[in-house]
Every structure is written in C-alpha cells, then in structure tokens.
Protein chains: 2
Amino acid sequence: MTPPPNRRERPAKPALTRNGIVAAAVDLLRAGGLRQVTTRRLAEALDTAPASLYVYVRNTAELHAAVLDALLGTVDLDPGGGPWRDRLVEVLTSYTRLLLAHPGLAASALVARPSGPRYLNLVEALLALLAEGGVPPGQAAWGVDVLLQLATATAVEHSNGESEEDWQTLAAVVRDASPETHPHVAALGADLLSGPPEARLTWGLNLLINGIAHTARPS
Amino acid sequence: MTPPPNRRERPAKPALTRNGIVAAAVDLLRAGGLRQVTTRRLAEALDTAPASLYVYVRNTAELHAAVLDALLGTVDLDPGGGPWRDRLVEVLTSYTRLLLAHPGLAASALVARPSGPRYLNLVEALLALLAEGGVPPGQAAWGVDVLLQLATATAVEHSNGESEEDWQTLAAVVRDASPETHPHVAALGADLLSGPPEARLTWGLNLLINGIAHTARPS
DNA sequence: ACCTGAACACCGTTCAAGT
DNA sequence: ACCTGAACACCGTTCAAGT
C-alpha cells in the first residue's frame, strides 16, 4: 500500500503554465516588491529551473507587464454617482493608488507600454467618461495618454524607496535658493513643495481635463 | 636619464575626484547608454577598484543623478523671441530632447528627484516664463512639477529599447478591439496612436499650460 | 583619508543534453 | 515540446587590510 514513488505526500508540483507563472509572480510582488520578482526567485517558488520560465515568457519585461495587467483587474472602472469629471478623477486616482502600492511596477508601465486586456478596459472607461463630458473625440484620443502618463509618473515618483532623504535635500536646496540668482524659486519657496501628494494629483488631473477639453489639436 | 619609476610613459592616472568620476560616467553614458554606467565599468575606465568610488559617491542612484545634472547644462533656458508660451514649450522640449538622447536617464530622473544646481536653474527659468505669462504664482508653483513630469514621462516612454515591437502589439490590440465590448476604443481606432511624438508632446505641453493657467488650486 | 583585493550575495539569459 | 544543470557574463556593495 506504499504510494508509487511519483506520488509523494505533498502532491506533485502543478504543471507550469503562463498563468501559473504570472500568479506566482504576483504573490512574490505582494510579499516583497518588484525586486523579489526575479527569474531565479520565481523559479524557486515554482520549484523549477530559471530556464524553464523562458518557455512561457519572453523575458523579464514581458513578465512584469503581465503582472501589471493582472493587478489592473482591481481598479474600479465604474465608481458611484457624481459628475463625469469626478468619476474620471476617481478612476485615475484608483489606478495611481494601485501603482503606488507596488513600487517598481509603475516604472515598468512607463518603459514597456501595457497592452493587456485589463489595460484596454481602463482606456475604454476613460474614453467613455471623456465622451460623456462632451470632450471632442480627437482631443480625448490624445488626452487619455496624457492622463495615464501623469498618473504613472506620479506613482513612479512617490514609489521611491529613499524619498525621505531626497525630499529633505530638495527642500534644503529650495530653501537656500538665492533671491539674486533664483528670484522666482526664492519667492515661491516652500509653496513649490507644499500640499499633500493626493491634493497635488487631484489638482493635476483636473487641470489636465480642463486642458484636454479646451485645447485644439494641431491641424 | 631614465625617468624615475613612478613616472611612466602614460602619465600617472589622475587623482580621483567626484567631478572626475562624474565626467567619466558621462563619457560612458555617451558611448553606450546608461547600462554602461556601472560601478565596475566606471572603475575600470578610471583605472581603479569599484570600492574606491564609494569614497566620493554614496551609491549608483546618486551617481546617476549627478550625471543628469551635468548634462542639464546643455538645455537652452533662454530661447530666442516669440511669445512666452512658445518659449516655455521650447525649453521643455529641449529638456525632453536631452532625456530622449540618453535612454535610462529619464527613468532615474523620475525615481530620484533631481536637486542639483542645473536643475534649479531649469525650474527658475520655467517659473520666470509662467510669471511673464501672468499665471498665478500658486498655480505656477505646482504647475512646474506637472510640466516636468510630462516631459520626463514622455522621454521614459520613448527611450524604450524594444518599443517597435511593443508598439506593433499595441496597434494590433487597438485595431482588434471589439465594438461590442470596447466601443470607444473601436470608434477612435488608429487616432488613439496617431501623430508624431513631437506633435503629441507639443499639444500636451500646451494643454498643460492652459490647464495650469485656468485651474484654481484647492483651498 | 584613501585605496585595494577579495568576497558576499546576487542577477538575466543561453544552450546542450536529457525526457 | 518541455525541462534541467551548468555555464556565461555580469551586477552593487561591504569590509578587512594595507598605504
């Protein structure tokens, strides 16, 4: 009644699949950030050899893109009532929050343009809201990119591991700016760095929406 | 008449200095991109050991920031005549061009906030142009960040090594979008990806300026 | 104070060989 | 077709030891 040798106490490891690899990568990301998501660690987690992953994934960049698309499923594309404008800001803030929660992923979203199914859903939702607001289609088409760029760039900036020290340095540089050589910096002073990040993002998204709605594309 | 042993044909290697290290890093960058700027290669170029660099530079991120600030000296902060708006777009386009020329550097500018002297000059120039245009100071203070974010994010996106393939994939995804599930994407189609990058950047900067000038900050 | 050699603890990717 | 071990060609950073 001994089990056959290929049937151990812990059941045989599941067969490798692309989805399984991506799911394991998401687990690693949640556990310890994108820095943990390396081919070697991933292979270890899946109890296989690093080289085996290359059957399912072209390279690390593609893997990171797949991880992002999987996480994109958690973005709320249809938030409650309110004017279209507020809902648009809401969707984009939700997207930014997702990226902020996973340092490093935002940077990879900027370098390798996402093109997964969830990303397409996000773009569709943004276009629908812009159309609801009566934004001319051509401006909406180009505007979506700019909105997503601001959201992504904001996430990259704030998902900076050692930002505290950087920020102190920047604050000191601004504070010590000479009114002679840098009059505008000196005059504005702390206001250049004032305000909670969320307030700045919300303001940024609103000014973007205003600009997109009222700036004609070049002919 | 033999030269003393410490005086070889090739003169003794120059003493290590922070500036010398940064200059060598810029050379490596120009020669082969940011991927070449590693502590080991840099040490080899300077004919020293990797560990020696850590006397002058805290880590690789700080080194990259110093390289960026050195290059920032080439941005034209005071382009010819024309309305303030066009000059503002010109300065930011020049900054973007610099980042586009050095793939990887833009990403590091986003992750570690620059705070070098040249960067401060750039911010001062942007603030001066916004003031010239009569933009309220509070909006200018926050707006500068958004302008630089768009410029930097655009550079990161386009300084993608394998963008050609990514772009083809994205184009195919947009083309094949179902009018049932993604009506807006399907309707806009190719227009989502149309236009040369420079035209899109110029439009983006203009809409940003409009938005910054006409959107009140939250109270 | 500055510099070095050597080590520590890793990377992504390829490839011949096996099943 | 898929998986593996082993290798190739690297990384950043630290540290005891020298000068």
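Every chain is numbered from 1, with letters handed out A, B, ... down the list of sequences. What you see is a predicted model, and the numbers here were worked out from it, not measured in a lab. As a basis for the values below, the full set of heavy atoms in this structure was taken, side chains included, without hydrogen atoms, waters or symmetry mates.
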Roughly, in whole Å, what's the span from [atom1] in [X] to [atom2] in [N]?
X: Gln36(A); N: dA9(C); atom1: CD; atom2: P; result: 16 Å
X: Leu53(B); N: dC15(D); atom1: CG; atom2: C1'; result: 16 Å
X: Ile21(B); N: dC2(C); atom1: CD1; atom2: P; result: 11 Å
X: Glu62(A); N: dT13(C); atom1: CD; atom2: C1'; result: 14 Å
X: Leu42(A); N: dT4(D); atom1: CG; atom2: P; result: 13 Å
X: Leu16(A); N: dT19(C); atom1: CG; atom2: C1'; result: 15 Å
X: Glu44(A); N: dG12(C); atom1: CD; atom2: P; result: 13 Å
X: Leu46(B); N: dT4(C); atom1: CG; atom2: C1'; result: 15 Å

If you find the nucleotide of DNA chain C closest to Arg40(A) and the one closest to Ala51(B), which residue's nucleotide is nearer the 5' end?
Ala51(B)

Is it true that Arg87(A) and Asp76(A) have a side-chain N and a carboxylate O under 4.0 angstrom from each other?
no

Charged N to carboxylate O under 4.0 angstrom, Arg97(B) versus Glu198(B)?
no

Of the candidate nucleotides [options], which contains the atom at the shortest distance from the side chain of [X]?
X: Ala49(A); options: dT4(D), dC2(C), dG12(D); result: dT4(D)
X: Tyr56(B); options: dC10(C), dC3(C), dT13(C); result: dC3(C)
X: Val55(B); options: dT13(D), dC2(C), dC3(D); result: dC2(C)

When rounded to the nearest Å, what value does the distance between P atoms of dC8(C) and dA9(D) take?
23 Å

Applying a 4.0 Å non-hydrogen cut-off, can you work out what Arg35(B) is touching in the nucleic acid: base, sugar-phosphate, or nothing?
nothing

Can you give me the closest heavy-atom contact between Leu126(B) and Leu92(B), atom names plus distance?
CD2-CG, 3.9 Å

Looking at Pro79(B) and Val91(B), what are the two nearest heavy atoms and their distance?
CD-CG2, 3.7 Å

Between Arg118(A) and Val75(A), is there a donor-acceptor pair closer than 3.5 Å when you use the side chain of the first and the backbone of the second?
no

With no hydrogens and no angle check, is any side-chain donor or acceptor of Arg18(A) less than 3.5 Å from a backbone partner on Tyr56(A)?
yes

So, is [X] close to the [N] phosphate, meaning a side-chain N or O under 4.0 Å from OP1 or OP2?
X: Tyr54(A); N: dC15(C); result: no
X: Thr38(B); N: dC11(D); result: yes
X: Ser52(A); N: dT4(D); result: yes
X: Arg58(B); N: dT13(D); result: no
X: Thr39(B); N: dT13(D); result: no

Would you please enumerate the stems DNA chain C participates in, each stem being three or more consecutive Watson-Crick or G-U wobble pairs with both distances under 3.5 Å?
C:4-8 with D:12-16, C:12-16 with D:4-8

Any donor-acceptor N or O pair under 3.5 Å, side chains His184(A), Glu124(B):
yes

